[in-house]
Chemist: 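Just passing along the structure, written as structure tokens.
Chain letters run A, B, ... following the sequence lines, proteins first and then strands; every chain starts at 1. This one's a predicted model, so the numbers in the text were calculated from it and none came from an experiment.
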Amino acid sequence: MTSSTHISVKDIGVHFTLGRRLIGKPPVLRAVDGVSLDIPKGCFFGLVGESGSGKTTLGRAMLKAVPITTGHIKYDDGDVQYDIATIGKDELKDYRSRAQLIFQDPYAALSPRMTVRDIIAEPLEVMGITKTREETDNRVREIAAKCRLNLEHLRRFPHAFSGGQRQRISIARALVCEPKFIVADESVAALDVSIQADILNLLKQLQQDMDITFLFISHDLSVVAHTCDHVAVMYLGRLVETAPTRSLFNAPRHPYTKALLSAIPSLDPDDAGRAQRLSGEIPSPANPPDGCRFHTRCPHAREKCKIDVPKWRQMADEHFVSCHYAEELAEASEPVPAG
Amino acid sequence: MTKPLMSVKDLTIQFRTDEGIITTVNEISFDIAPGEVLGLVGESGSGKSVSAKALMRLNAGNAIYGPKSSIVLNLDDGPVDVLALRREKDMQVVRGGAVSMIFQEPMASFAPAISIGDQMVEQLLVHTNMSKKEAREHSIDMLARVGISEPSKRIDQYAFEFSGGMRQRAMIAMALSTSPKLLIADEPTTALDVTIQAQVIDLMKELVDEYGMGILFITHDLGVIAQTADRVAVMYLGNVIETGEVRDVIRHPSHPYTKGLLNAIPHLHDLDRPLTPVPGDIPSPLERPTGCVFHTRCAYAIPGKCDREIPSPNTMSPGHTSACFVAKEIHNNEAEAVA
């Protein structure tokens, strides 16, 4: 995992203007506000946070699926280098075959009017990757086998499949053009638990076989813990902590990360009551708090947190956090509750 | 323990559809005592929501209840045979009177064009003798009780003005304002962020202690069950396959399906443990397997037996039963593994 950086996000901002005003400037919602992170090549990178934290918007910015307001995203897969923020039309076409998205809901993501073969073949045809029908069919069959779909399934329509099978179809569609970078946005959230493990194992397998870099967006920390190499935690448009998975789960430094971890319901019925509860809910990103954005819900917040924005600091090897009191809190921290 | 509050016996529910008659619930039985939380766990399509709706007679008109089915609600002034209720007016006792329900999607469960207060007052006028003024005061008290700040202002707002967590709190306040004997909670925390889920679970625990009603808690999340339920019933394809005290079932799962579910979910305290999916997909309800419903996905299936004979519940320990031919072996293996 010490290989080169595949995607380097520098101080990226995605701002949306809310409505119009006759006089004065309309309010601006900063869905992503000054985020920087590096994703190494071949990494399974997790991005977690509550709804409204901006994790989906950040993922889409990396795919140039939302307009980027400020900052740069450097993409370098060894063959080509792009700045996604300023990428031109022709380059974007090429980038689309290198970076793909797997959606959350496998029921909504597949056209009910197309056969599975046509769904998987569409990216190849649209991007003009294959020249003949035979070539297309070969590619479709190859990727279908990798995603553990039966060849006889290819003639059927999506309605004939269960949630897990549909998610395998949408994975096959994302992978058929042999992308180097995949954003998987809540790709197992809509699946039953018994199927979820199957899809996670499949994604890991494909990542290793095809040497893909993954951005795995999820609200479920236990899924991220089991799947990802490196994790970034977002809150209200900003990163609060990034670390290698083990380091993050064994020694979380930011109070928000700790609270997220302790909120996961433990499988041990006698483990109740140890959890550290967060009061209130995530504030509106249209009107975020001053200083540290987490101070309104933080059990350790002090005066300084209301005024000063905490710096992004290194705590340990590859472990970064933005909290004024991370050192103090780390000493006082309890072990992670069993989950 | 005298009489259970709610007693369900041999409940069978079928639906008449264009594709034929579909059996969604097959001869299930369970009791709920006053003050007890019974967890009903299962994947989508296992029949858990349909069973819960039967308790309130909320299933669609094409539902057929089997001839042996019985649902009896024991109230202070005598038992109510729920399935024998014919007139809509008589059904009010199980629809907000003695039985209340919290739904999964709080946004979809409130009328968007009627204020929260008017909806709360309306049901109090239907189910109690309160005057309009008393009902409004009681509703404000209930909103305060579930932790909504400024309840006298909030009560005149509409559902869209509430955040997800607050809507679910308001839903709980509304369900509890008629002081029901039994509360049915259908995936009440699934649509919420983990931090908010933890708050709602804490709130529900407090309210059980305070009001002493029985709760049927439906979820697909075994962690949520471990933290809330006293007893648990695991459903698969319309059958209850294992039931018992929550500690017994989670520590000594005795049905291959329960065991499979526990192996499929990520455990935070053991990140190295591989995730093992339950093999295969859930069969379509149109193609219910013969014999044991789980044999098509079961690693322990005995050819010639499990695909022909239907296993009856085996008692593992007092109150802990598993409908499996090899339940004893699995139970003993699990006991060894834990020891």
Chemist: Determine the minimum heavy-atom distance between R273(B) and H226(A), stating which atoms define it.
Modeler: O-CE1, 3.0 Å
Chemist: Do the non-hydrogen side-chain atoms of H267(B) and S222(A) ever get within less than 4.5 Å of each other?
Modeler: no
Chemist: Go through the atoms of D202(B) and report whether side chain, backbone, both or neither lie under 4.5 Å from a heavy atom of chain A.
Modeler: side chain
Chemist: Could you walk me through whether L221(A) and V194(B) pass side chain to side chain contact (heavy atoms under 4.5 Å, CB included), step by step?
Modeler: CA-CA 9 Å; L221(A) 275 167; V194(B) 275; 5.8 Å; no
Chemist: For L271(B), is it the side chain, the backbone, both, or neither that has a heavy atom closer than 4.5 Å to a heavy atom of chain A?
Modeler: both
Chemist: List the atom of G280(A), the atom of Q199(B), and the distance in Å for their closest heavy-atom pair.
Modeler: O-NE2, 3.0 Å
Chemist: So, do D192(A) and I282(B) sit near enough that their side-chain heavy atoms are less than 4.5 Å apart?
Modeler: yes
Chemist: Is it the backbone or the side chain of T276(B) that comes under 4.5 Å from a heavy atom of chain A, or both, or neither?
Modeler: backbone
Chemist: Taking N201(A), D220(A), I199(A) one by one, which has the highest count of heavy-atom pairs under 4.5 Å against chain B?
Modeler: N201(A)
Chemist: Passes salt bridge (Lys or Arg N to Asp or Glu O under 4.0 Å), R251(B) versus D270(A)? Steps please.
Modeler: CA-CA 11 Å; R251(B) 291 188 186 148; D270(A) 296 319; 2.7 Å; yes
Chemist: Please determine, among G223(B), G280(B), S149(B), A229(B), the option with the most heavy-atom pairs under 4.5 Å with chain A.
Modeler: G223(B)
Chemist: Given side chains that start at C-beta, do those of L267(A) and L262(B) come closer than 4.5 Å, heavy atoms only?
Modeler: yes
Chemist: Can R246(A) and D272(B) be said to form a side chain to side chain contact (heavy atoms under 4.5 Å, CB included), step by step?
Modeler: CA-CA 10 Å; R246(A) 219 149 275 268; D272(B) 294 323; 3.0 Å; yes
Chemist: Side chain, backbone, both or neither: which part of Q197(B) has a non-hydrogen atom closer than 4.5 Å to chain A?
Modeler: side chain
Chemist: Side chain to side chain donor-acceptor pair (under 3.5 Å) with T296(B): which residues, sequence neighbours excluded?
Modeler: none
Chemist: Are S194(A) and L261(B) close enough that some pair of their side-chain heavy atoms sits under 4.5 Å apart?
Modeler: yes
Chemist: Output all residues satisfying side chain to side chain contact (heavy atoms under 4.5 Å, CB included) with E245(B), sequence neighbours left out; order by chain, then residue number.
Modeler: R231(B), D248(B)
Chemist: Determine the sole option in D198(A), V193(A), L200(A) for which the side-chain contact (heavy atoms from CB on, under 4.5 Å) test with L275(B) is passed.
Modeler: L200(A)
Chemist: So what's closer than 4.5 Å to chain B heavy atoms on S51(A): side chain, backbone, both or neither?
Modeler: both
Chemist: For chain B, which candidate among Q165(A), E281(A), H219(A) shows the most heavy-atom pairs at distances under 4.5 Å?
Modeler: E281(A)
Chemist: For I250(B), which atoms come within 4.5 Å of any heavy atom of chain A: side chain, backbone, both, or neither?
Modeler: side chain
Chemist: Looking at R247(B), H220(B), M166(B), which has the largest count of heavy-atom pairs under 4.5 Å with chain A?
Modeler: R247(B)
